[in-house]
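These notes are about the structure you will find just below.
It should be emphasised that the depicted structure is a prediction, and the values quoted were computed from it without experimental measurement. Chain letters run A, B, ... following the sequence lines, proteins first and then strands; every chain starts at 1.
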Amino acid sequence: MSKYYITTAIPYPNGKPHIGFGLEILQADVLARYHRILGDDVWFLTGVDEHGLKVYRSAQQVGIGFQEYVDRNSAEFAKLKSILNISYDDFIRTTDRVRHWPGAQQLWRACADDIYLKEYEGLYCVGCEAFINKKDLIDGECPEHHIKPEVVKEKNYFFRITKYKKDITRLIESDELKILPTGRKHEMLNLLKDSEDFSVSRPLEKISWGIPVPDDSSQVQYVWFDALANYITAIGYGRDEENFQKWWPADVHLIGKGILRFHAIYWPAMLLAAGLPLPKSIYVHGYVSIDGEKISKSLGNVISPEDVVKKYGIDPLRYYLLREISSTEDGDFSYKKLEDRYNGDLANNLGNLVSRVAKLIETKMEGELNFEERFLDHEAKNKVEKTSAKYKDSIESFRLHEALTAVWDLLGYANSFLDFHKPWAKDADPDHLLKTLTTTLGIILNAAWFIKPFLPETAYKIFAAFGADLSAETLVKVDDNYKSWVGRKFVVSKVESLFPRLQ
RNA sequence: CGCGGGGUGGAGAAGUGGUCUAUCUCGUUGGGCUCAUAACCCAAAGAUCGGGGGUUCAAAUCCCUCCCCCGCAACCA
C-alpha cells in the first residue's frame with residue numbers, strides 16, 4: 001500500500017464556486033476515489049485562497065468586514081462536498097492562523113537566503129490600483145481610466161528564481177516533476193527561459209490583508225507565496241512534522257491551465273530554496289465555457305454546480321463534466337448537451353441495460369441468479385479484461401474521459417450481446433439462459449465497479465438492484481474480472497429506473 | 001511578424017506520421033427485436049480532415065504560407 005496525496009488549486013472565494021472549479025474538484029475526486037479502491041492510503045486536500053487584492057476589493061465593495069466576507073463565501077466552497085459528493089479529506093483556509101500562518105511564515109524563513117529587498121519603480125495607475133506596463137499605455141494614459149499613471153517607487157521582497165532555473169528545467173525535462181499533458185510541459189520549459197525574479201511581498205500600506213513577512217512588519221506576503229504554501233501547511237508543515245513527512249511530497253497537484261507557471265516554476269523554486277522535495281506531478285485541465293462563451297460575471301452566464309444538481313442530480317453532472325469534457329482540454333457546458341448525455345448515455349445505455357437484465361432475471365429465473373464461472377462467455381470475459389486495461393491506463397495518464405468512453409463501449413457490447421442471444425425467446429433452454437444472463441450481469445457488475453469513482457451513488461444503486469452485499473468492504477475491495485462474485489447468489493430487488501428519461 | 005488555442009460528414013467531438021480503405025455521439029434513412037426507461041440491436045447515406053505549396057515510400061498528423069474563429073483589462077479555475 002502506498003500513500004497518495006492529491007490537491008486541487010485553492011480558488012479565491014469571491015462568491016459561489018462556478019462550474020469550472022466544479023470540474024477541477026471532480027477530477028481530483030475521481031483520482032482520489034480510484035486510488036482508495038486500489039488500496040492506497042489517500043489524502044485529498046482542497047481549500048480556498050482568502051488573501052490577495054481581489055478578495056480585499058470584493059469585500060470592500062460588498063461593504064462588510066474581510067473576515068466575515070470570506071467566512072461566508074468559503075462556506076460555499078466547502079459545501080461542494082455535499083453538492084457534488086466530493087470525498088475530500090481536508091479543507092484548508094489561508095486565513096487560518098493556526099493551521100496555515102505558521103507554516104507560511106516558516107516557509108518564508110526557509111527561503112530567506114534567496115529573498116532580497118529591492119526598490120521597484122513602476123507606473124502606477126490609481127484607477128487600477130496597480131502597476132501597468134508602459135506598452136499598455138495609450139497616449140501615455142491608462143486605457144481604462146484615461147489618466148496618466150504616476151511613477152511610484154515601492155520596496156518589495158523578491159525571490160531569486162533565476163538561481164533555480166537550471167535545476168527546475170532539468171527536473172521537468174526528466175519528468176521527475178511530471179507535467180501532464182505534455183504540451184503544457186513544453187510550454188513551461190519555454191517559459192522558464194525568460195523567467196525573472198518575482199516579487200513575493202507587498203507593502204503593508206497597499207494591502208494589509210495577508211500574512212505578515214517575518215521580521216519585517218512593513219510588508220505582507222504576496223498572495224501567491226502565501227497560497228502555494230497551503231499544500232504543505234495543511235498537512236502540518238511548521239506545526240506537525242510527523243504528518244508532514246508522511247504525506248509530502250504531493251503525488252498530484254491538479255490545477256487549471258491559467259496558473260501553471262506558479263506551480264511549475266515558482267513553487268518548485270520555493271521548495272528547492274527551502275530544501276524540500278518537489279511534487280511528483282502536475283495535472284493541468286482546461287477551461288469550461290458555457291454555450292461556447294467564456295465564463296464571465298459581466299456576461300452573466302455563470303452557472304454554479306448547485307444550480308445544475310438541483311435540476312438533474314449529482315451523478316448526471318459528474319458524468320457530464322467527466323465524460324463530455326476532455327480532461328486536459330477546454331470544454332463546453334450547455335444544458336442541451338447535458339440532457340443529450342443524460343438521455344443517451346445514462347438513461348438509454350446504462351439505465352435501460354440494468355432494467356432489462358434485472359427484469360429478465362426476475363421473470364426467467366424467479367429473481368435469483370447463482371453466479372457460476374462456467375456460465376461466463378469467454379469472449380465477453382475478454383472484452384471486460386480489455387476494458388479494464390484501457391480504463392486503468394486512461395485514469396493513470398489523466399484521461400478520465402477516455403476511461404468512461406471505454407466503460408460505455410462495454411455497456412454497448414452488453415446490449416448487443418443480449419440482442420444476439422435473445423434470452424427472452426420462449427424456447428431458450430436453461431443453460432443458454434444462464435449463460436446469457438450470467439454474462440450480462442457480470443458485465444454490469446464490472447461496469448459498476450469501473451463507474452464507482454466517477455458516479456459513486458450510481459454504482460451503489462446498481463449493486464443494490466442485484467442485491468449485492470453493500471458492505472463497505474465489498475464495494476472497496478472488489479476486484480475486477482469477476483473474482484469476487486463467483487459463487488454468490490444475486491437477488492433482484494424492486495427495479496427502479498436509475499435515470500428516468502428526460503422529456 | 002505580439003502570444004496562445006482552434007478550424008475533421010448536418011451538429012458536437014476524438015484522432016497529431018503507416019491497423020485512417022478517417023472514429024465516436026447525436027441527427028437522417030431502411031430493417032430487426034419485443035426483455036427493457038417509445039428504450040435496445042443491425043445496416044446505409046453523408047467528410048477531397050479550412051485554402052495552397054512542400055518534406056516523405058507513406059500526412060488529418062511534420063514544414064512553409066494564406067484565410068477564418070476564440071482567449072490574452074476586469075469579474076474568472
Q. A:N14 CG to B:A77 C1': how many Å, rounded?
A. 13 Å
Q: Figure out the CG/C1' separation between A:L338 and B:G12, and round it to whole Å.
A: 15 Å
Q. A:E402 CD to B:U23 P: how many Å, rounded?
A. 17 Å
Q: Kindly write out the residues that satisfy salt bridge (charged side-chain N to carboxylate O under 4.0 Å, His left out) with A:D291, not counting sequence neighbours, or none if the list is empty.
A: none
(Q) On a heavy-atom basis, which atom in A:G22 and which in A:P305 lie closest, and how many Å separate them? (A) CA-CG, 4.4 Å
With a 3.5 Å cut-off and sequence neighbours excluded, list the donor-acceptor pairs that the side chains of residues 495-502 of chain A form with protein atoms.
from	atom 1	to	atom 2	distance (Å)
A:R501	NH1	A:N348	OD1	2.7

Q) What's the NZ-C1' distance between A:K390 and B:G15, to the nearest Å? A) 11 Å
Q: For B:C68 and B:G51, measure between their C1' atoms and round to the nearest Å.
A: 11 Å
Q: When you get a sec, tell me which of B:A77, B:C40, B:G12 is the closest nucleotide to the side chain of A:E324?
A: B:G12
Q. For the base of B:A77, is there a side-chain donor-acceptor partner from A:H18 under 3.5 Å away?
A. yes
Q.
Heavy atoms within less than 4.0 Å of RNA chain B: which residues of residues 254-269 of chain A have one? Give them sorted by number.
A. A:G256, A:I259
Q) Which residues pass the side chain to side chain donor-acceptor pair (under 3.5 Å) test with A:T162, sequence neighbours left out? A) A:D197
Q) OP1, OP2 of B:U25 versus side-chain N and O of A:R341: anything below 4.0 Å? A) no
(Q) So does A:D71 get a backbone contact from the side chain of A:S74, meaning a donor-acceptor N/O pair under 3.5 Å? (A) no
Q: Using the C1' atoms only, state how far B:C67 lies from B:G9, rounded to an integer number of Å.
A: 22 Å
Q. Is there any side-chain hydrogen bond (donor to acceptor under 3.5 Å, both in side chains) pair reaching into residues 303-319 of chain A, and which pairs are they, with sequence neighbours excluded?
A. A:K16-A:E306, A:D29-A:R318, A:S304-A:D307, A:Y312-A:E339, A:D315-A:T458, A:Y319-A:R323, A:Y319-A:D345
Q) Which ones in residues 343-353 of chain A lie close to RNA chain B, meaning a heavy atom under 4.0 Å from one of its atoms? A) A:A347, A:N348, A:N349, A:G351, A:N352
Q. Atom CD of A:Q503 and atom P of B:A39: how far apart are they, to the nearest Å?
A. 9 Å
**Q.** Value in whole Å for how far the P atom of B:C76 lies from CZ of A:F21
**A.** 13 Å
Q. Who passes salt bridge (charged side-chain N to carboxylate O under 4.0 Å, His left out) against A:K383, sequence neighbours left out?
A. A:D409
Q: Summarise how protein sits on nucleotides 29-35 of chain B as a single string, 5' to 3': B when a protein heavy atom is under 4.0 Å from the base, S for sugar-phosphate-only contact, - for no contact.
A: ---BSSB
(Q) Is the phosphate of B:C42 approached by A:S416 (side-chain N or O, under 4.0 Å from OP1 or OP2)? (A) yes
**Q.** Flag for A:D226-A:H100: side-chain donor and acceptor within less than 3.5 Å
**A.** yes
**Q.** Side-chain donor-acceptor pair present, A:H263, A:Y231, cut-off under 3.5 Å
**A.** yes
Q: Mind calculating the distance between CD (A:E293) and P (B:C76) to the nearest angstrom?
A: 18 Å
(Q) Applying ring-ring contact (aromatic ring centres under 6.0 Å, His included), can you list everything that pairs with A:Y88, at least two apart in sequence or on another chain? (A) A:F91
Protein-nucleic acid N or O pairs under 3.5 Å, nucleotides 6-9 of chain B:
none

(Q) Whether the A:H401 and A:E324 side chains hold a donor-acceptor pair (N or O, under 3.5 Å, no angle test) is what I'd like checked. (A) no
Q: Drop me the distance from A:I86's CD1 to A:I314's CD1, to the nearest 0.5 angstrom.
A: 9.0 Å
Q. A:R323 CZ to B:U25 C1': how many Å, rounded?
A. 8 Å
Q. Do A:R93 and A:N230 have side-chain N/O donor and acceptor atoms under 3.5 Å apart?
A. no
Q) What pairs with A:K280 under salt bridge (charged side-chain N to carboxylate O under 4.0 Å, His left out), at least two apart in sequence or on another chain? A) A:D251
Q. Under a cut-off of 3.5 Å for both distances of each Watson-Crick or G-U pair, what dot-bracket string does RNA chain B give, using [ ] for crossing pairs and | for inter-strand pairs?
A. .(((((((.[[[[.)..(....]]]].(((((.......))))).....[[[[[..)....]]]]])))))).....
